[in-house]
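The structure appears below as structure tokens.
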Amino acid sequence: MASDKIHLKVITHEKIIYENDIDELYVKTTDGSMGILKNHVPIIATLGIGVTKVVVDKTCECIATMGGILQFANNQATILTDIAELECDIDVARAKHAKERAEARMKAHDETLDITRAQMALAKAIARISTKEKRF
């Protein structure tokens with residue numbers, strides 16, 4: 001690993017989604033947004049559903065992360081998450097359709113609706129759309 005970089009791995013239960021030496025890392029935690037540069041103090045943070053922004057040689061890459069844990073120490077960053085999707089793998093039309101469905105379910109005021117599940121579906125759809133459109 002280059003000494004002036006952070007080594008990042010994004011891992012799901014199935015595989016390593018992303019691995020690279022990067023310059024900057026920005027994540028959405030359950031407490032708010034956070035940026036990490038080289039030599040940041042060690043940290044463990046709980047991630048929310050959102051966009052993980054990676055900067056490599058002044059180029060921005062985005063990953064949709066659906067919660068998880070970030071661990072950072074000694075310029076090694078690891079994100080463990082159930083679901084992560086690279087920007088290039090996101091079908092934005094499908095994500096927009098999922099967003100519309102979730103919003104419609106929540107507006108219907110159906111007493112049998114699992115509101116938490118609908119809110120999670122909406123948050124995931126928004127994260128995918130935001131990742132594809134590089135909005136963070």
Side-chain angles (χ1 to χ4, degrees):
M1 179 182 81
S3 62
D4 61 339
K5 302 280 186 176
I6 296 168
H7 188 76
L8 172 65
K9 277 188 187 181
V10 179
I11 305 168
T12 68
H13 298 291
E14 298 172 355
K15 63 183 177 177
I16 297 173
I17 298 295
Y18 182 91
E19 183 173 14
N20 200 4
D21 291 334
I22 66 170
D23 299 305
E24 304 169 37
L25 174 63
Y26 300 91
V27 296
K28 179 180 178 188
T29 71
T30 54
D31 293 325
S33 297
M34 179 170 79
I36 294 177
L37 301 174
K38 182 182 81 152
N39 298 324
H40 193 285
V41 297
I43 189 167
I44 295 176
T46 305
L47 299 179
I49 295 171
V51 179
T52 294
K53 176 184 167 187
V54 175
V55 179
V56 181
D57 299 325
K58 298 182 182 177
T59 301
C60 173
E61 301 174 14
C62 293
I63 306 164
T65 46
M66 309 304 172
I69 301 284
L70 164 70
Q71 178 180 352
F72 180 86
N74 301 317
N75 292 324
Q76 302 282 320
T78 304
I79 293 175
L80 302 174
T81 181
D82 290 332
I83 302 170
E85 297 174 26
L86 299 174
E87 175 186 339
C88 61
D89 294 334
I90 294 172
D91 180 342
V92 75
R94 183 175 175 208
K96 286 180 178 179
H97 185 64
K99 179 180 179 276
E100 291 167 3
R101 281 193 323 266
E103 289 172 335
R105 281 195 311 264
M106 291 172 63
K107 286 180 185 173
H109 301 294
D110 182 351
E111 292 177 14
T112 63
L113 174 70
D114 181 345
I115 192 73
T116 303
R117 186 172 173 205
Q119 288 171 334
M120 292 286 289
L122 180 60
K124 288 177 180 181
I126 290 170
R128 288 180 175 108
I129 294 165
S130 297
T131 297
K132 191 68 175 180
E133 296 177 352
K134 290 189 184 275
R135 288 186 287 129
F136 27 84

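It should be emphasised that the depicted structure is a prediction, and the values quoted were computed from it without experimental measurement.
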(message) Hydrophobic clusters here meaning ILVMFWY residues chained together by side-chain heavy-atom distances under 4.5 Å, can you tell me if Val27 and Ile90 are in one?
(response) no
(message) Assigning hydrophobic clusters by single linkage (Ile, Leu, Val, Met, Phe, Trp, Tyr; side-chain heavy-atom cutoff under 4.5 Å), is Met66 placed with Val54?
(response) no
(message) Through direct or indirect side-chain contacts below 4.5 angstrom among Ile, Leu, Val, Met, Phe, Trp and Tyr, which residues connect to Ile11?
(response) Ile16, Leu80
(request) List, by chain and number, the other hydrophobic cluster members for Ile44, where Ile, Leu, Val, Met, Phe, Trp and Tyr join if side-chain heavy atoms come within less than 4.5 Å, directly or indirectly. (result) Ile69
(message) For Tyr18 versus Leu86, what's the shortest heavy-atom pair and its separation?
(response) CD1-CD2, 4.0 Å
(message) Distance check, rounded to the nearest 0.5 Å: Asp31 atom CG versus Thr46 atom OG1?
(response) 7.5 Å
(message) Just by distance, no angles: are the side chains of Thr12 and Thr81 close enough, under 3.5 Å, to form a donor-acceptor pair?
(response) no
(request) State, to 0.1 Å, how close Gly50 and Lys28 come at their nearest heavy-atom pair, and which atoms those are. (result) CA-CD, 4.2 Å
(request) Answer whether the closest heavy-atom distance between the side chains of Ile115 and Met106 falls below 4.5 Å. (result) yes
(message) For Thr116, is there any backbone N or O sitting under 3.5 Å from a side-chain donor or acceptor partner on Asp114?
(response) yes
(message) Between Lys99 and Glu103, does any NZ, NE, NH1 or NH2 come within less than 4.0 Å of an OD or OE carboxylate oxygen?
(response) yes
(request) Can you measure from CD1 (Ile22) to NE2 (His7) and round to the nearest 0.5 angstrom? (result) 9.5 Å
(message) How close do Tyr26 and Gly35 get, counting heavy atoms only, and between which atoms?
(response) CD2-CA, 3.5 Å
(message) Walk me through whether Met34 and Ile43 qualify under side-chain contact (heavy atoms from CB on, under 4.5 Å).
(response) CA-CA 11 Å; Met34 179 170 79; Ile43 189 167; 3.6 Å; yes
(request) Under the side-chain contact (heavy atoms from CB on, under 4.5 Å) rule, what do Leu70 and Thr78 come out as? Steps first, then yes or no, please. (result) CA-CA 6 Å; Leu70 164 70; Thr78 304; over 6 Å; no
(message) Looking at Lys132 and Asp89, is any side-chain nitrogen of the basic one under 4.0 Å from a carboxylate oxygen of the acidic one?
(response) no
(message) Check this for me: does any side-chain nitrogen of one of Lys58 and Glu24 sit under 4.0 Å from a carboxylate oxygen of the other?
(response) no
(request) Hey, could you give me the SG/CD distance between Cys60 and Glu87, rounded to the nearest 0.5 Å? (result) 7.5 Å
(request) Kindly give the heavy-atom pair with the smallest separation between Ala127 and Val51, and that separation in Å. (result) O-CG2, 3.9 Å
(request) Tell me, yes or no, whether the heavy-atom count around Arg117 atom CZ, taken from other residues, nucleotides or ligands under 6.0 Å, exceeds 12. (result) no
(request) Look up atom CG in Asp82 and atom NE2 in His13, then write down how far apart they are to the nearest 0.5 Å. (result) 3.5 Å
(message) I'd like to know whether Lys96 forms a side-chain contact (heavy atoms from CB on, under 4.5 Å) with Ile129, so could you lay out the CA-CA distance, the side-chain angles of the two residues, the decisive distance to 0.1 Å, and finally the verdict.
(response) CA-CA 7 Å; Lys96 286 180 178 179; Ile129 294 165; 3.7 Å; yes
(message) Applying a strict under-4.5 Å side-chain criterion to I, L, V, M, F, W and Y, I'd like to know whether Ile17 and Ile79 cluster together.
(response) yes
(request) Flag the pair Lys38 and Asp23 as a salt bridge only when some basic side-chain nitrogen lies within less than 4.0 angstrom of an acidic carboxylate oxygen. (result) no
(message) Does any part of the side chain of Ile36, heavy atoms only, come nearer than 4.5 Å to the side chain of Ile6, both counted from C-beta?
(response) yes
(message) Taking Val10 as the starting point, is it possible to reach Leu37 by hopping between hydrophobic residues whose side chains are less than 4.5 Å apart?
(response) no
(message) With rounding to the nearest 0.5 angstrom, report the NZ to CE distance, Lys124 to Met120.
(response) 5.0 Å
(message) Using side-chain contact (heavy atoms from CB on, under 4.5 Å), reason through Leu47 and Thr30 one step at a time and then give a plain yes or no.
(response) CA-CA 5 Å; Leu47 299 179; Thr30 54; over 6 Å; no
(request) With rounding to the nearest 0.5 Å, note down the distance linking CD in Glu85 to OG1 in Thr52. (result) 12.0 Å
